[in-house]
2 protein chains.
Amino acid sequence: MALFLSTFVNKVDKKGRVSVPASFRTALVGQTFSGVVALPSLTVPAVEGSGIDRFERLAEGTDQLNPFSEAHDDFAKAIFGRSHQLPFDSEGRIVLPEALIAHAKLGETAAFVGQGRTFQIWEPEAYRAYEREATERARRERGAFLQRREEPRS
Amino acid sequence: MALFLSTFVNKVDKKGRVSVPASFRTALVGQTFSGVVALPSLTVPAVEGSGIDRFERLAEGTDQLNPFSEAHDDFAKAIFGRSHQLPFDSEGRIVLPEALIAHAKLGETAAFVGQGRTFQIWEPEAYRAYEREATERARRERGAFLQRREEPRS
DNA sequence: TGACACTTTATGGGCGTCAATGGAAAGTCT
DNA sequence: AGACTTTCCATTGACGCCCATAAAGTGTCA
C-alpha cells in the first residue's frame, strides 16, 4: 500500500504539532527517513508532502546533463531550497514550520489530502472550496476520463 | 475472474458496517490492499467502489511533484482526495464513512450493484427508480437505433 | 430422494488496542 | 536562567478483532 488516499482533518496544537494520518504513515514505512518531506506548493495555498524517496529520485534527475538542465537547476532551487524534512515524533506527529503554516494559512486544523503518490496539507475550509471547483471541472471532463478508465488493459 | 456482477442488498448496522457480497470479495482477492476503495459518484447519488488496483494504475499517470508538467488532472485530485480506503474486517464487512452514507442517502440497507470492473452502492429504493429510468432510456434509444439501421433499406 | 451433517454468509454485540490529542518533563541554545 | 524544542506519559474515543448466532447453500449417504 503505497498510495495516499482520502482526506483527514487533524488538529494543530499550540506547538505546531499535527498527527499525520495513520494510513499515510504506513505508506511511508521502510523509507530511509522516518518522516515527511514538505514544501510550499508552487501553485496552490497548500503544503506538498511526500516521502523522501521521491526527492532522492528527483535528485538523480537533476544530475543529468540534458537540454532542460537549466530549467532543472531552477527547479532544484525552488524545490530543494524550500523543502523541509519533518521527522515523526514517537506518536507519529510532525511539527509544521512557520513558513509552511503561513503559506497554507493554517489555523487550528489541517486537512491531509491524498493525491496518489503525494499528499497536500490544506486549511480545511480553503480545501473545501478548491475541491468543489476541481470536482466541477472533473465532472465536465468526465467523458474523457471514463473512456480512459475503461480501456482494456493490454 | 474479476468481474462484479448482479445486485445484492445487505443491511447497514448501527456501526455503519455492511457485508460486501461474497462474490464481490472473491473478485478482490490478491490485491495489495484487502478491502475496497470507495468514493462518491460524480454523477449519481451512489458510491463508486473498486479494488485499489484501479487507483494504482491511475497514480502512475499522474506524477505531480514536477510543477512543470501542468498536465495533471483536476480529476485525479478530485478522485484521490474524495476516495476512502475501506478495509475488510474478519467477516468481510466494511464500515461506510459518514460522508459516503450522506452522499448516497443510505439508510438501513445498501444495494451493491455490479458494473463489471467496478460496482456501486445505492440506497435500494433510489436504485430501483434509477434502473427503471435507465432501462426506459435504453428502450427508447434502441428504438432509434434500430430505425437508423433500417433506413438504408427504405 | 429425503434427512442429516457441514460449510459458507450475513448479522449482531462485546471488548481490547491503537490513533489522536493534550500536557508534563527533560534537554538545548543562547 | 529564560525561551524554545524535543521526548515522554496520560486520556478518551473510535475502530479492529473476536466470538456467537442464524440463515442459506452444499454435499453425502442410506
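Everything numeric in this text was worked out from a predicted model, so none of it was measured. Just so we're on the same page: letters track the sequence lines, and every chain starts at 1.
Using a 4.0 Å heavy-atom criterion, one finds that V20(A) contacts the sugar-phosphate atoms exclusively.
Rounded to the nearest 0.5 angstrom, E123(A) CD and E108(A) CD are separated by 10.5 Å. In this structure, the separation between CZ on F119(B) and OG on S6(B) is 13.5 Å, given to the nearest 0.5 Å. We find the NE2-CD distance between H103(B) and E48(B) to be 8.5 Å, quoted to the nearest 0.5 Å.
The aromatic rings of F24(B) and F8(B) stand perpendicular to each other, their planes meeting at an angle above 60°, with 30° marking the opposite boundary.
Residues T32(B) and E56(B) bring a donor and an acceptor atom of their side chains to less than 3.5 Å of each other.
One can place CD of Q85(A) at 18 Å from P of dT5(D), the figure rounded to the nearest angstrom. Atom pair I94(A):CD1 and dT21(C):P shows a separation of 13 Å (rounding to whole Å applied). For the pair E98(B) CD and dC15(D) P, the computed distance is 11 Å after rounding to whole Å. In this structure, F112(A) atom CZ and dT21(C) atom P are separated by 9 Å, rounded to whole Å. Taking atom CG on D89(A) and atom P on dG22(C), their separation rounds to 13 Å, with Å as the unit. Here dT5(D) presents its C1' atom at 17 Å from NE2 of H84(A), a figure rounded to the nearest Å. The NZ-C1' distance, from K15(B) to dG13(D), rounds to 13 Å in whole Å. Rounded to an integer number of Å, the gap from CD of E108(B) to C1' of dG12(C) is 13 Å.
In this structure, P87(B) and F88(A) both approach DNA chain D, and ranking their closest nucleotides by distance from the 5' end singles out F88(A).
Residue E91(A) places its side chain closer to dC9(D) than to any other of dA25(C), dT11(C), dC9(D). Taking only side-chain atoms of S19(A), from C-beta outward, the nucleotide of dT21(C), dT9(C), dT6(D) with the closest atom is dT21(C). For D13(A), whose side chain is taken as the heavy atoms from C-beta onward, the closest listed nucleotide among dT21(C), dT11(C), dG22(C) is dG22(C). You'll find that the side chain of K11(A) is closest to dG22(C), out of dG14(C), dG22(C), dC8(D). Each of dA10(C), dG13(C), dG23(C) was ranked by its minimum atom distance to the side chain of R17(B); first place goes to dG13(C).
Contact check, K14(B) against dG13(C): a side-chain N or O comes under 4.0 Å of OP1 or OP2. An OP1 or OP2 oxygen of dC8(D) is reached within less than 4.0 angstrom by no side-chain nitrogen or oxygen of R93(A).
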